[in-house]
Amino acid sequence: MTPRDLACTLISHAAGLTSDTAAAELISAHCTWLARADFTAGYIHAGTRHDGHPYAYIDWDRAVTALDNHQLSCSPSEAGILRIAASLGDHHIPVHLARVLGSLDHANIALVTTAITRANG
């Protein structure tokens, strides 16, 4: 799948779940993670359901664990976006906002603000 197709499938798969949709939209709008083969191959499960519809979802726990174990190299901003999206997508994953927000520029702060608003319904 292209990054654009993957983004559409992630968002479609999460439809109806506001926090999951917000997480999928944030990671898609950021445009970095879905363009990385190591991320898409290692932390996204995708396929086709029995009814022929595609699905895709991110294993947020594995992705954040890999980030914590330095198995996913990235900038602080990219790490911050991934951590925030993971926290939206999996309520068991905490995010320390004071640690991640300081690494984000205005464009990424806007993406996060949109995601938080979306998650709130």
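Note that the structure is predicted; figures quoted are calculated from it, not measured.
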Is there a side-chain contact between L111 and N108 (heavy atoms, below 4.5 Å)? yes
Heavy-atom side-chain proximity of V95 to I93 below 4.5 angstrom: no
Name all pairs fulfilling the salt bridge (charged side-chain N to carboxylate O under 4.0 Å, His left out) condition that reach into residues 34-52, sequence neighbours left out, sorted by first residue then second. R36-D38, R49-D51
What pairs of residues pass the salt bridge (charged side-chain N to carboxylate O under 4.0 Å, His left out) test when at least one of them lies in residues 55-67, not counting sequence neighbours? none
Taking salt bridge (charged side-chain N to carboxylate O under 4.0 Å, His left out) as the cut-off, I'd like each qualifying pair that reaches into residues 97-121, sequence neighbours left out, listed once. E25-R118
Can you find a pair of side-chain heavy atoms, one from I84 and one from L104, that are under 4.5 Å apart? yes
For A86 and W60, work out which heavy atoms get closest and say how close. CA-CE3, 3.4 Å
Sequence-distant partners of T2, side chain to side chain contact (heavy atoms under 4.5 Å, CB included), two or more places apart: R4, D5
Residue pair W33 / F39: nearest heavy atoms and the distance that separates them: O-CD2, 3.4 Å
Table please: side-chain donor-acceptor pairs of residues 13-24 below 3.5 Å, with sequence neighbours left out.
| residue | atom | partner | partner atom | Å |
| --- | --- | --- | --- | --- |
| T18 | OG1 | A119 | O | 3.3 |
| T21 | OG1 | A14 | O | 2.9 |
| T21 | OG1 | L17 | O | 3.0 |

What's the separation between atom SG in C8 and atom CE in M1, rounded to the nearest 0.5 Å? 10.0 Å
By the definition side-chain contact (heavy atoms from CB on, under 4.5 Å), identify the one residue from I27, L26, V100 that meets it with L82. I27
Do you know which two heavy atoms are closest between A63 and L72, and how far apart they sit? O-CD1, 3.7 Å
So which heavy atom on A66 is nearest to which on Y43, and how close? CB-OH, 3.1 Å
All pairs passing ring pair (Phe, Tyr, Trp, His ring centres under 6.0 Å) where residues 74-121 contributes a residue, at least two apart: none
Tell me whether I58 shares a hydrophobic cluster with V112, the cluster being built from Ile, Leu, Val, Met, Phe, Trp, Tyr side chains joined at under 4.5 Å. yes
Which pair of heavy atoms, one from S28 and one from L34, lies closest together, and at what distance? OG-CD1, 3.5 Å
Side-chain contact, heavy-atom cut-off 4.5 Å: L6 with L10? yes
Would I44 and L67 show up in the same hydrophobic cluster when neighbours are defined by side-chain heavy atoms closer than 4.5 Å? yes
